[in-house]
Amino acid sequence: MRVVGIDASTNKTGVSLFIDNEYSGHMLIDLHKIKDSNIRVPKMMQEIKNTLDYYKPDIIVMEECLLKNNIATVKLLSYLAGAIISWAADNEVEFRFQLPSEWRKRVGIIQGPNTPRDKLKQEAIDMVKEKFGIDVTDDEAESLLIANSIFCNKWSKDIDI
């Protein structure tokens with residue numbers, strides 16, 4: 001079974017691949033230098049779809065986009081999610097959203113109500129270094145842990161589509 005984890009962002013998106021519960025690879029799609037979101041977002045959609053074509057997943061797991069402070073950011077992230085869901089439907093691939101608190105809990109990152117985002121990202125980087133022996137960015141680390149989390153605990157509140 002080929003599982004792809006995606007930590008989507010309009011600037012930098014981490015994508016990882018696990019084959020039969022074993023880490024196989026990852027990549028970072030880095031478009032942060034493209035300042036115009038009208039150009040960057042469609043390009044990010046295409047780059048993610050190209051990566052999915054290359055990885056040929058059976059399951060795609062992506063962090064759910066939650067409304068925090070900036071509705072414009074959530075709107076752009078929802079466009080990315082729509083492109084990924086559409087790719088999954090076109091290719092008959094299972095798609096799952098995971099809430100950030102759920103995938104973190106499943107892999108063993110403890111998240112309190114006031115835990116700073118930077119601390120959570122550093123914990124993800126440290127966990128990937130410990131578990132897989134690789135140095136990665138926070139986006140790559142979270143994509144690895146999102147994918148890996150589906151193997152950690154079958155009881156969750158994931159949102160399946």
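This chain uses plain numbering: 1 for the first residue, then up along the sequence.
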Which atom names give the shortest non-hydrogen contact between [X] and [Y], and what distance separates them?
| X | Y | answer |
| --- | --- | --- |
| Ala83 | Lys49 | O-CD, 4.3 Å |
| Val107 | Leu145 | CG1-O, 3.6 Å |
| Ile109 | Met127 | CG1-CE, 3.8 Å |
| Ser9 | Met44 | O-CE, 3.6 Å |
| Ser143 | Gly14 | CB-O, 3.2 Å |

Atom pair [atom1] ([X]) and [atom2] ([Y]), whose distance is rounded to the nearest 0.5 Å:
| X | Y | atom1 | atom2 | value |
| --- | --- | --- | --- | --- |
| Cys65 | Leu80 | SG | CG | 7.5 Å |
| Ile125 | Glu130 | CD1 | CD | 14.0 Å |
| Lys119 | Ile110 | NZ | CD1 | 9.5 Å |
| Glu94 | Ile150 | CD | CD1 | 7.5 Å |

Next on the checklist: Tell me if a side-chain donor or acceptor on Thr10 pairs with a main-chain N or O of Leu76 at a distance below 3.5 Å.
Outcome noted: no
Within the structure provided, determine whether [X] and [Y] are in side-chain contact (heavy-atom separation under 4.5 Å).
| X | Y | answer |
| --- | --- | --- |
| Ile134 | Leu144 | yes |
| Ile29 | Ile48 | yes |
| Met1 | Ile19 | no |
| Val3 | Phe151 | yes |
| Phe97 | Glu63 | no |
| Asn11 | Leu31 | no |
| Thr137 | Lys12 | no |
| Ile59 | Val4 | no |

Next on the checklist: For Asn50 and Gln46: C-alpha separation, side-chain torsions, deciding distance, then whether side-chain hydrogen bond (donor to acceptor under 3.5 Å, both in side chains) applies.
Outcome noted: CA-CA 6 Å; Asn50 290 344; Gln46 192 58 53; 3.0 Å; yes
Next on the checklist: I need the single residue from Asp7, Thr51, Ile60, Leu28 that forms a side chain to side chain contact (heavy atoms under 4.5 Å, CB included) with Val15. Which is it?
Outcome noted: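 Exactly one pass, corresponding to Thr51.
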Item to check | For Ser78, side chain to side chain contact (heavy atoms under 4.5 Å, CB included) partners two or more places apart | outcome: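 For Ser78, no residue satisfies side chain to side chain contact (heavy atoms under 4.5 Å, CB included) once neighbours in sequence are set aside.
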Checklist entry - Residues two or more places apart in sequence or in another chain: which of them pass side chain to side chain contact (heavy atoms under 4.5 Å, CB included) with Asn91? => result Trp87, Val93
Item to check | Selection residues 133-143 - residue pairs positive for salt bridge (charged side-chain N to carboxylate O under 4.0 Å, His left out), sequence neighbours left out | outcome: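 Non-adjacent pairs meeting salt bridge (charged side-chain N to carboxylate O under 4.0 Å, His left out): Arg104-Glu142, Lys121-Asp138, Lys121-Glu142, Lys129-Asp135.
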Item to check | Pairs satisfying salt bridge (charged side-chain N to carboxylate O under 4.0 Å, His left out), at least one member in residues 25-43, at least two apart | outcome: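 Every pair satisfying salt bridge (charged side-chain N to carboxylate O under 4.0 Å, His left out) with a residue in residues 25-43: Lys43-Glu47.
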Checklist entry - Which pairs, with at least one residue in residues 113-134 and sequence neighbours excluded, count as a ring pair (Phe, Tyr, Trp, His ring centres under 6.0 Å)? => result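 Residue pairs with at least one partner in residues 113-134: Phe18-Phe132, Tyr23-Phe132.
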Next on the checklist: Among residues at least two apart in sequence or on other chains, which ones pass salt bridge (Lys or Arg N to Asp or Glu O under 4.0 Å) with Lys56?
Outcome noted: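 Per chain and number, Lys56 pairs via salt bridge (Lys or Arg N to Asp or Glu O under 4.0 Å) with no residue.
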